[in-house]
Amino acid sequence: MSKLPDAIPTSTDLVRRQLIARLGSIGLLLSMVFSLLALVVLFADVIDQIAGYTVTTYSRDPATLANKPLAELSIAQLATLLRANVSDTSFDTFVTTALEKKDAATRSKLVSDVLRAPNESTISDIPLNQLSALELTENIIEARLGTERVRALAEERLAAATPEQMVAFIRSEFLSPVSETDLTDGELPLEKVDFETLLTIINERFSADQFARYDVSELANESQEAIIDVIRKELVGVPNEDAILGKPLDEATHDELAEFLRGRFLEESYAQMPAYFTAEMTPVEDLQKLIRAELLQPVDPATFSPGKSIEQLSAKEIVAAARANLEPHRQDALFAAALEIDGRATLLKHIEDEVLVPSVAQSWGLYHSLFDRAGIEMEAAQKYPGAKIEFRSWITRDFLTNVMSSRAEESGIRTALLGSLWMLALTILIALPIGVGAAIYLEELAGKSRLSQLIQINIYNLAGVPSIIYGMLGLTIFVRTLGDVMGVTSGALFGVNDSNGRTILSAALTMALLVLPLIIVNAQEALRAVPTTLREAAYGIGLTKLQTIWHHVLPAALPGILTGSILAMSRAIGETAPLIVIGASTFITVDPNGPFSKFTVLPIQIYKWTSMPDPTFRNVAAAAIIVLLIVLITLNLAAILLRNRFRRQSA
Amino acid sequence: MKTKVRLENVHCYYGNFMAVHDVTLPIYDRQITAIIGPSGCGKSTLLRSINRMNELVGGSVRGSLWLEEQNLYAPEVDPVKVRRRIGMVFQKPNPFPRSIYENIAFGVRQHKLAAKNEIDDVVESCLRRAALWDEVQHKLKMSALQLSGGQQQRLCIARTIALQPDVVLMDEPCAALDPIGTGKIEDLMQELKRDYTIIIVTHNMQQAARASDHTVMMMMRDDRAGEMIEFGETNQVFTRPRDKRTEDYVSGRFG
């Protein structure tokens with residue numbers, strides 16, 4: 001029996017111990033809070049970038065594009081609009097692409113429909129014989145025949161007209177009396193109009209003859225009253241017939257009159273001449289006859305595509321033939337029908353991409369957008385007057401399915417996402433069997449020799465080697481030697497020749513090397529954690545070593561092995577440096593379609609986007625980060641569920 | 001009485017360390033032989049050397065060990081086959097982390113001891129013999145780890161006899177069990193004795209006295225090697241021990 005020490009200071013001891021314990025637990029709590037905080041800040045930063053108000057500016061103002069909103073236009077009108085605003089080459093590409101979606105028979109039917117003699121109702125809702133001459137000319141002939149043909153018709157009409165007819169036309173159009181208020185748009189008396197406007201009236205209304213008689217620059221120095229006098233004298237009242245040609249109209253020759261009319265209308269718009277002129281001077285029947293002859297005739301397929309039947313034509317040849325051999329209205333009809341295959345949405349998208357070309361001029365963070373909408377609107381109105389401001393999320397379905405683009409708004413991660421998944425799948429396929437095999441060997445079979453200890457230490461060391469070193473290793477072995485020289489990883493041995501060694505397979509092999517130590521170490525831990533009693537039980541019923549490992553030890557260790565693989569997967573999908581070294585593509589728009597494809601992966605995309613000069617790419621990068629995180633979490637979740645299932649089964 | 005297992009001058013080693021020194025001993029057929037002695041005297045090592053389990057942890061044996069007319073340590077003998085014929089039940093119940101049914105069926109299937117359609121019958125008869133059938137017949141698909149300790153141990157015994165061994169080794173099978181579980185195992189041993197030769201290592205003197213027919217008394221020498229100091233019928237060993245140390249040990253005056 002030992003004697004207790006004399007005085008044990010129980011009370012003070014307790015207080016001090018509790019104090020230390022409390023301080024300790026506060027410290028631990030703080031470290032947890034700190035790490036959580038770091039995580040929250042990181043997430044907050046990324047999330048701030050993925051949505052928010054953006055100001056979009058267009059290289060052409062959508063409002064000026066057509067007299068109606070785009071949404072109200074028919075497909076034919078949209079097609080015409082597109083054709084008028086893009087180069088012939090790109091327009092032809094759209095049409096060709098659309099046509100190529102159908103087989104030859106459908107295409108030829110499309111063409112035949114256009115070549116066939118159209119029904120009258122296709123060109124006018126109202127029967128032709130109920131329309132006036134002016135309506136026939138303006139709504140049908142001008143709208144459908146094209147400028148060249150209209151010009152030719154106008155010349156024909158001029159040539160056929162008698163001088164008397166021309167003089168009568170000139171008198172009715174140009175020599176009607178003019179009142180003072182006709183001159184001022186606001187219908188004000190001339191005295192009430194300011195000096196500038198008076199000068200403008202003179203500049204706009206004077207004929208060449210009148211300009212010859214007055215020096216306009218000197219008029220600008222005169223008093224207002226003097227100018228009003230000039231205007232009254234020269235422009236108000238019945239115009240002087242003789243001033244037009246410098247002699248009485250009745251004495252003018254046919255050519256002189258024709259030249260005047262041509263010149264007069266050219267100033268405005270050539271196309272307007274026949275509208276007035278022919279309508280005045282051509283009988284309605286002639287116009288109807290013209291329309292029927294020009295617009296309602298079938299086109300012979302032989303003239304459309306000389307020497308070939310329409311079925312034999314490729315989409316591209318159809319477009320070329322249409323441009324060469326069809327009248328403008330038929331071209332338009334054919335192109336509209338072709339573009340209709342793609343649908344309205346695609347057509348609108350073409351117009352948006354090629355004509356309007358929207359670009360995000362500025363974007364604001366999510367939190368700013370949520371709490372300071374008024375401020376943003378004010379700033380936007382100041383910097384970009386009239387521009388559209390809208391709330392935009394950068395993670396959209398298009399973002400997932402689009403390929404890369406040089407414009408941030410159009411960029412997507414399709415190729416990167418597919419590349420990541422391909423690489424991950426191959427990596428796991430390569431690394432898991434090798435890693436688990438190595439672990440089993442080291443843990444169950446190798447024994448405790450000096451050599452196996454050396455290997456063990458090396459594996460621990462390899463787990464800590466910087467990943468860029470693995471990139472260099474991969475570059476030398478998998479890309480250069482196995483790929484470019486031997487043609488294994490480039491696929492040259494297997495008949496895939498359009499690639500060098502910078503393939504998904506090389507990347508996966510490199511990544512497999514990178515994650516192998518992780519998998520081995522984790523699998524070893526898992527095997528070590530299998531209780532000896534389980535092994536004894538298996539040996540006790542007369543199982544061999546391999547049977548014991550395969551049937552009992554491995555299943556029991558599987559949850560642990562899976563945990564290690566989850567870590568390895570997470571590492572592989574987030575790793576960037578080695579892939580940069582082995583040469584992943586940074587701009588690629590083709591989906592990877594096998595182990596021998598060129599590729600890019602999500603982290604490389606993010607890295608690339610964050611280094612782009614256009615700040616809009618920051619938003620795209622943030623969206624890609626979110627996608628990467630989602631992929632990671634999904635994979636981990638799947639693996640954890642799998643692991644729990646195994647664990648439940650074995651418990 | 002027929003001798004089932006015969007040990008002749010058996011020495012057990014771990015590397016260079018001698019754990020058991022020179023044991024010569026007959027094990028009689030369909031009898032229960034108990035090995036008793038203080039901790040560290042080599043009882044378990046001796047037991048495990050009988051079915052060559054000690055080799056798995058680096059043990060080796062000098063001398064010869066016979067199962068009927070077969071030397072178990074002859075060079076042509078496959079230790080895996082030895083373990084199949086000499087089954088073992090461990091101190092801590094260690095059923096496989098699978099269903100109750102699968103625990104028994106697995107070994108039967110591995111060694112092809114029964115046709116596929118007969119496995120159900122084998123499982124039932126083994127569970128009956130292990131006196132477990134009534135308790136588990138409705139939950140054969142349940143994980144074996146959900147059984148109580150005693151039930152698990154009986155399941156392990158059932159798993160062992162399913163392979164129709166010649167000998168069953170038991171390494172302190174009741175050490176982790178309560179008295180009720182212990183009682184059931186002891187009853188079961190008496191039951192199994194009719195068909196199997198049983199060798200049991202135990203620390204429990206009462207158990208040895210109650211349950212065994214023959215008793216081996218082992219003791220550690222000064223060089224830490226264990227040696228057998230007495231072998232005889234249990235009754236004789238407990239009531240009229242020839243060795244003074246045995247008397248001290250069984251009467252609780254020593255160790």
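The chains referred to below are lettered A, B, ... by the order of the sequence lines, with proteins before strands, and numbering in each begins at 1.
Shown here is A:R528, whose CZ atom has more than 12 heavy atoms of other residues, nucleotides or ligands within 6.0 Å. Atom CG of A:L39 sits in a crowded spot, with more than 12 heavy atoms from other residues, nucleotides or ligands closer than 6.0 Å. Atom CZ of B:F17 has more than 12 neighbouring heavy atoms from other residues, nucleotides or ligands inside a 6.0 Å radius.
When the heavy atoms of residues 160-179 of chain B are compared with those of chain A, the residues falling under 4.5 Å are B:L163, listed by number. For residues 106-130 of chain B, the interface with chain A (any heavy-atom pair closer than 4.5 Å) comprises B:F106, B:G107, B:Q110, B:H111, sorted by residue number. Proximity to chain A at a heavy-atom threshold of 4.5 Å picks out B:V80, B:R83, B:R84 from residues 73-84 of chain B, in numerical order. Close approach to chain A, defined as a heavy atom under 4.5 Å from one of its heavy atoms, is seen in B:R48, B:M53, B:L56 of residues 47-56 of chain B, taken by number.
Side-chain contact between B:K92 and A:E536: absent, with no pair of heavy atoms (C-beta onward) separated by less than 4.5 Å.
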